[in-house]
Structures are given as structure tokens and as C-alpha cells.
Amino acid sequence: MKHSVFAAASAVAIMASGMAMAEPQAEVLHWWTSGGEAKSVAVLQNEFAENGGTWTDMPVAGGGGDAAMTALRARVLSGNAPTAVQLKGPAIQEWYEEGVLADISAVANAEGWADVLPASIAGHMMCEGVWCAAPVNVHRIDWIWGNADVLAANGIEMPTTWDEFNAAADKLMAAGIIPLAHGGQAWQDATVFEAVALGILGPQNFKKAFVDLDMDVLKSDGMVAVFDQMRKMRGYVDANFSGRDWNLATAMVMNGEAAFQIMGDWAKGEFLAAGKVPGKDFLCLSTPGDGFLYNVDSFAMFEVDGDDKQAGQALLSKLIVGKNFQKVFNLNKGSIPARVDVALDEFDSCAHTSSADMNASSEGGSLLPSYAHGMALRGAQSGAITDVVTAHFNSDMSSQDAVNQLADAVANSM
Ligand code: BGC
């Protein structure tokens with residue numbers, strides 16, 4: 001295995017000379033193509049250009065990044081990896097183990113990342129003791145978004161228990177409103193599923209099931225109850241849900257066609273990009289139950305030849321963790337900064353809730369990685385779980401059969 005790309009000395013020399021020698025270049029693979037996402041990634045493109053960089057955009061549409069990851073594998077296999085790639089969770093370590101990721105420790109050390117990133121986030125950015133990715137943000141998954149007018153008109157509060165959610169949904173259905181805006185794509189099914197699972201199992205058993213893959217919890221009555229609630233959710237989506245993109249589901253909440261969406265806070269980026277105001281036009285609340293499911297977007301640099309590209313990797317890494325970028329990007333993206341020293345004054349109430357809940361859950365041991373967004377498990381294992389979740393959602397499979405299949409799928413993936 002070879003992890004030589006930018007040797008500490010050359011990267012520091014490039015930075016020290018203000019990139020005078022090489023003109024930074026980067027081909028950047030990402031899946032940020034919705035309105036709010038595009039506005040966010042433009043912040044990085046602009047900062048890169050302002051610092052003399054030339055950005056070649058490689059967007060691969062598809063929420064959750066499955067299509068982007070397929071495109072990445074094809075590029076790496078053909079020996080032509082992009083310079084920088086949106087990558088996160090254990091996939092970072094998986095790629096590092098394949099010997100294709102660059103060590104960005106020179107930049108990380110020069111910029112003092114260890115002092116400004118929480119240990120929990122920094123841990124995801126390390127491979128065999130070196131820095132191998134740069135974190136952009138913290139997205140929260142377990143959010144429910146509501147249309148304020150629709151809820152008020154129907155005398156409904158944001159639900160704080162799953163029973164309240166079901167009662168609200170039944171009332172909305174009777175009033176001819178779609179209770180839950182949803183797109184039938186595997187990663188969206190998984191997103192709803194893990195929010196339901198966190199609420200019903202509780203943080204400790206969620207961790208046992210989806211981080212530790214503990215068979216007792218995977219096969220438990222609690223897991224049966226999770227699938228029971230998923231069956232109810234299936235009844236609350238409209239007939240045209242199959243294949244719908246997540247941002248179109250968000251638009252259904254915006255325009256009052258649907259009342260709720262369960263989605264990570266990139267949905268807030270979408271509301272904000274459309275000029276909607278939190279607390280007035282739309283409401284945010286964590287989904288019923290305790291805990292916090294986090295999803296940290298990050299970029300990894302692939303081993304490439306050429307001073308220009310390596311200068312591009314050093315510059316990008318530096319900008320991504322830069323204080324100003326972390327503020328402006330996250331104001332657009334709906335997430336909160338990964339850095340601990342960015343003031344949140346300009347952020348909205350949902351972001352303040354996210355930050356306070358993240359700190360409280362970190363202290364209380366209920367800050368948990370999202371399995372649905374690739375933060376908790378290796379690809380084979382999260383894929384095995386999601387296959388069962390989706391098969392259950394799209395059929396009349398019983399909850400007990402789903403639990404049996406879940407346990408088998410997980411056992412076979414190990
Ligand atoms: C990413 C977000 C992105 C969302 C929808 C998530 O997995 O972390 O940055 O906005 O997918 O594409």
C-alpha cells in the first residue's frame with residue numbers, strides 16, 4: 001500500500017509559498033445537485049477560485065450519494081480517480097485500505113484541525129493514524145419538517161410521540177392532505193426507518209442494532225414494533241411516491257400538498273433556498289424519542305500525480321475546514337459547522353436546536369452515527385439492512401418476517 005501523495009514537506013512548501021509554484025486544480029466529485037445543495041457547493045467553488053484554483057465540477061445527481069459512489073468506483077478502477085471526492089463514514093477507511101487515498105496530515109497539522117474539531121468528528125477523518133478526509137458539517141437525520149399553515153389549519157401540533165404522529169396523520173388523511181411526503185428510493189426508506197428505530201428502540205438499543213449489529217436487538221420485539229410503525233408510514237404516503245427525489249418531497253411540504261417530511265436537515269437548505277422562513281412557513285422538530293443521528297459530510301483526496309492537482313488538494317482541504325467557509329456553507333446547506341469555534345449568531349432556530357441537542361446527546365451517550373447515511377457501518381452491512389427495509393416498505397411483508405430477514409441479512413453480510 002502506498003499513501004505517499006503529498007509528503008509533508010512538499011505540501012507545507014506549497015502552502016508556504018502561497019501556491020506560487022503550482023496552480024491549484026481540482027476535479028471534484030459530489031452529489032450536491034438540488035437547489036439548496038448547489039447553492040452550498042458554490043460557496044466552495046467560489047472560495048477555491050478566489051484563491052487561484054481551477055475547479056472542474058463532477059456532479060453525480062442522486063440523493064444520498066449512491067450513484068456518486070458507483071461513478072467513483074468506475075473512475076478508480078479505470079485508474080483515473082477524481083482529485084477530491086465527497087465521501088464519508090467508514091467508506092473513507094475502506095478506500096484508504098485500498099491504498100488510493102492521500103494523507104492530508106500536513107494541511108491538518110498546519111491548520112490545527114485537532115484543536116477545532118470535536119474528537120468524535122475527527123475520528124471519522126483519520127485512517128491508520130493519519131488525516132485522510134476533511135469534514136464540512138454536521139447534518140442531523142432525525143428531523144421532522146412540517147408545513148406551518150397546514151398544521152395550524154388542521155389544529156395539529158408538531159408530534160412529540162409516534163402515537164401523536166399517527167393521530168395527526170390520520171386526521172390529515174381524513175382532511176384530504178398527504179400526511180407524509182416521501183420518495184420511494186432505498187436511501188429515503190432507510191432515512192425514515194432509522195428515525196423510527198431511534199425513537200422506538202431508544203438510543204442504547206439503536207446503537208446495539210445498527211452500530212454493533214447485536215443479534216438480540218435485531219431480532220427483538222422492539223424491532224418488530226419498528227416495522228409495525230413503518231407499515232403505518234407506508235399508509236401515510238401518497239400513491240405516487242415511488243422513485244420521487246427527496247427535494248420534490250420537500251417541495252410537497254412547501255406547497256402544502258403534504259404536511260410532514262422526515263429527512264435530514266439538507267431539507268432545510270431546500271426550504272431556505274426557496275425563501276421559506278423557519279418557525280413561520282415551516283417547522284422543525286426532532287423526530288419522537290431521544291438521541292441524535294449525525295451525518296458528517298467530508299471530502300477525501302485521491303492519490304493523483306501532478307503538482308497542480310496536489311496543490312488543489314492542499315488548498316481544498318484547507319478551505320473546507322476554514323472558519324468562514326464552515327459558516328457560509330452551512331448557512332446554506334441546513335447543517336451546522338463541524339468546527340467548534342464558529343459562532344452560530346447568524347444561524348436559525350433549527351440550527352441552534354441541532355447544536356444544543358448534539359452537545360447534550362454527546363454528554364448523555366446518545367450521539368449516534370446514521371446507518372442510513374453511511375456513518376455507522378461498512379457498505380455491505382448497511383446495504384443488507386436497507387434491502388430488507390425497502391422490501392418490507394414496498395410489499396405486505398409482516399413485521400416478524402421483516403425482522404427474520406433483517407437478522408439473516410445482517411448475519412450473511414458479516
Ligand atoms: C448527504 C447530504 C445530502 C443528502 C441528499 C446525504 O447523504 O450527507 O449532504 O444533501 O444526502 O443528497
Side-chain angles (χ1 to χ4, degrees), residues 28-45 58-72 84-92 121 124-125 133-143 145 181-195 210 243-251 253 261-274 284 292-300 320 325-326 328-338 350-351 354 358 368-377 379 382-383 385-386:
V28 185
L29 191 162
H30 62 90
W31 66 90
W32 286 331
T33 56
S34 77
E37 291 174 335
K39 221 174 146 183
S40 309
V41 74
V43 177
L44 188 56
Q45 291 169 338
M58 189 185 171
V60 180
D66 295 339
M69 292 302 100
T70 304
L72 171 63
V85 178
Q86 184 187 352
L87 201 65
K88 58 190 163 131
I92 298 170
I121 294 182
H124 286 287
M125 309 297 137
V136 172
N137 61 5
V138 181
H139 268 306
R140 183 180 198 172
I141 304 300
D142 50 318
W143 281 118
W145 309 93
H182 181 66
Q185 297 175 344
W187 72 274
Q188 293 188 61
D189 299 340
T191 300
V192 174
F193 172 77
E194 72 173 349
F210 301 112
R244 176 188 288 137
D245 286 329
W246 67 272
N247 51 321
L248 300 182
T250 308
V253 177
Q261 183 182 21
I262 292 175
M263 186 48 66
D265 40 22
W266 48 91
K268 191 185 74 185
E270 223 47 29
F271 283 111
L272 297 178
C284 62
F292 185 113
L293 294 178
Y294 70 86
N295 170 27
V296 176
D297 284 314
S298 45
F299 280 86
I320 283 170
F325 170 74
Q326 292 252 328
V328 181
F329 175 89
N330 285 302
L331 280 169
N332 288 304
K333 189 69 172 61
S335 34
I336 55 175
C350 307
S354 185
M358 185 171 97
L368 296 164
S370 158
Y371 114 76
H373 290 272
M375 295 300 300
L377 299 170
S382 59
I385 296 171
T386 300

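Counting convention: from 1, in listed order, for ligands and their atoms alike. Note that this is a predicted model, so its numbers are computed, not measured.
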Contacting atoms of ligand 1, where contact means under 4.0 angstrom from a heavy atom of Lys88: 1 (C), 6 (C), 7 (O), 8 (O)
Ring center gap for Trp266 and Phe271 short of 6.0 angstrom: no
Residue-ligand contact Gly65/ligand 1, heavy atom below 4.0 Å: no
Test item: Ile320 and Phe329 side chains (from C-beta on) under 4.5 Å apart, heavy atoms: no
Closest protein heavy atom (residue, atom, distance) for atom 5 (C) of ligand 1: Glu37 OE2, 3.2 Å
Trp31-ligand 1 polar pair, N/O distance under 3.5 Å: yes
Lys333 neighbourhood, listing ligand 1 atoms whose heavy-atom distance to it stays under 4.0 Å: 2 (C), 3 (C), 9 (O), 10 (O)
Verdict with supporting geometry, Asn330 and Ser335, side-chain hydrogen bond (donor to acceptor under 3.5 Å, both in side chains): CA-CA 5 Å; Asn330 285 302; Ser335 34; 2.6 Å; yes
Contact check: Asp297 vs ligand 1, nitrogen or oxygen atoms, below 3.5 angstrom: yes
Gly63-ligand 1 polar pair, N/O distance under 3.5 Å: no
Trp187 and His373 aromatic centres sub-6.0 Å: yes
Tyr294 vs Met358, side chain to side chain contact (heavy atoms under 4.5 Å, CB included): CA-CA, chis, key distance, verdict: CA-CA 8 Å; Tyr294 70 86; Met358 185 171 97; 5.5 Å; no
Subset of ligand 1 atoms that lie under 4.0 Å from at least one heavy atom of Asn295: 1 (C), 6 (C), 7 (O), 8 (O)
Minimum side-chain heavy-atom gap Glu194-Phe210 below 4.5 Å: no
Side chains of Phe299 and Pro135 in contact at under 4.5 Å (non-hydrogen atoms): no
Nearest protein heavy atom with distance in Å, relative to atom 6 (C) of ligand 1: His373 ND1, 3.5 Å
